[in-house]
Amino acid sequence: LEKAAGLSMQDQERPHVRKPYGVAVDSKGLVYVGDSALHKVFVFDLEKKQLTFRGDKPPAQFSVIIGLAIDDKDRLFVSDAVLHQITVFDASGGFLSVFGENELTRPAGIAVDNELRRLYVADVKGARLAIFDLDTYKFIRYINSQAPTPEEPHGYLGTPTNLTVD
């Protein structure tokens, strides 16, 4: 942590990133790193040389963190593959909501489209992308939720894991 973030800590208080997966940066330069083994998100403030966490206090909880995304309001969206959900935190780290548990089978990578106000989620087990409204968190629809057929053999997503928005 000292080398990566410039943080100085005593050895007994030093947290160790064990299984990082998912990285995002907000408009203030905070760096978010999901840790699937420790079930929380590390938040590095490189300017202030401080470390905080998301998901280390109820009601937020994680099992296997995979995807992280930040929207234009600096809200943090975190996908959890085992809990089948997306957790949202506000810009100051406060818990906002959990959604998607009824629509997602194994969410992985996520991406934000600020212009269209959409959150896209790669659903590995469902072999599809799920689309949610970025502000209400309501499910909108799936993309490529059907297996290939002889009539339509192309365009099938086998096991989508990550995505981005252009």
Query raised in the report: Atom OH of Tyr32 and atom CG of Leu68: how far apart are they, to the nearest 0.5 Å?
Result: 10.0 Å
Report task. Return the set of residues passing salt bridge (Lys or Arg N to Asp or Glu O under 4.0 Å) with Asp133 (not counting sequence neighbours), or none when no residue passes. Result -> Arg118
Query - Under 3.5 Å donor-acceptor, Ser79 side chain and Gly67 backbone - result: yes
**Report entry** side chain to side chain contact (heavy atoms under 4.5 Å, CB included) partners for Ser27, two or more places apart
**Finding:** Asp74
Requested in this report: Compare every heavy atom of Leu163 with every heavy atom of Gly109, then report the nearest pair and how far apart it is.
Outcome: O-CD2, 3.4 Å
Query raised in the report: Who pairs with Thr161 by side-chain hydrogen bond (donor to acceptor under 3.5 Å, both in side chains), at least two apart in sequence or on another chain?
Result: none
Query raised in the report: Quick one: are Ile110 and Ile86 in side-chain contact, heavy atoms under 4.5 Å?
Result: yes
Report task. Not counting sequence neighbours, list each pair that qualifies as a side-chain hydrogen bond (donor to acceptor under 3.5 Å, both in side chains) and has a residue in residues 95-108. Result -> Thr105-Asp123
Report task. Could you note down all residue pairs passing ring-ring contact (aromatic ring centres under 6.0 Å, His included) where residues 66-87 supplies at least one of them, sequence neighbours left out? Result -> none
Query raised in the report: For Asp72, what residues pass the salt bridge (Lys or Arg N to Asp or Glu O under 4.0 Å) criterion, not counting sequence neighbours?
Result: Arg117
Report summary line: Sequence neighbours excluded, the answer for side-chain hydrogen bond (donor to acceptor under 3.5 Å, both in side chains) partners of Lys73 is Asp135
Report task. Kindly write out the residues that satisfy side-chain hydrogen bond (donor to acceptor under 3.5 Å, both in side chains) with Ser92, not counting sequence neighbours, or none if the list is empty. Result -> Asp90
Report summary line: Residue pairs meeting ring-ring contact (aromatic ring centres under 6.0 Å, His included), one or both in residues 98-140, sequence neighbours left out, come to Phe99-Phe132, Phe99-Tyr137, Phe132-Phe139, Phe139-Tyr142
Query raised in the report: Only one of Val25, Leu76, Asp45, Leu46 clears side-chain contact (heavy atoms from CB on, under 4.5 Å) with Leu30; which?
Result: Asp45
Report summary line: Students should find that the hydrophobic cluster of Leu83, defined by side-chain heavy atoms under 4.5 Å apart, otherwise consists of none
Query - Flag if over 12 foreign heavy atoms under 6.0 Å of NZ, Lys138 - result: no
Report task. Name all pairs fulfilling the salt bridge (charged side-chain N to carboxylate O under 4.0 Å, His left out) condition that reach into residues 52-69, sequence neighbours left out, sorted by first residue then second. Result -> none
Query raised in the report: With ring centroids as reference points, do Phe53 and Phe42 lie under 6.0 angstrom apart?
Result: yes
Query raised in the report: Of all residues at least two apart in sequence or in a different chain, which pass the side-chain hydrogen bond (donor to acceptor under 3.5 Å, both in side chains) check with Asp71?
Result: Arg75
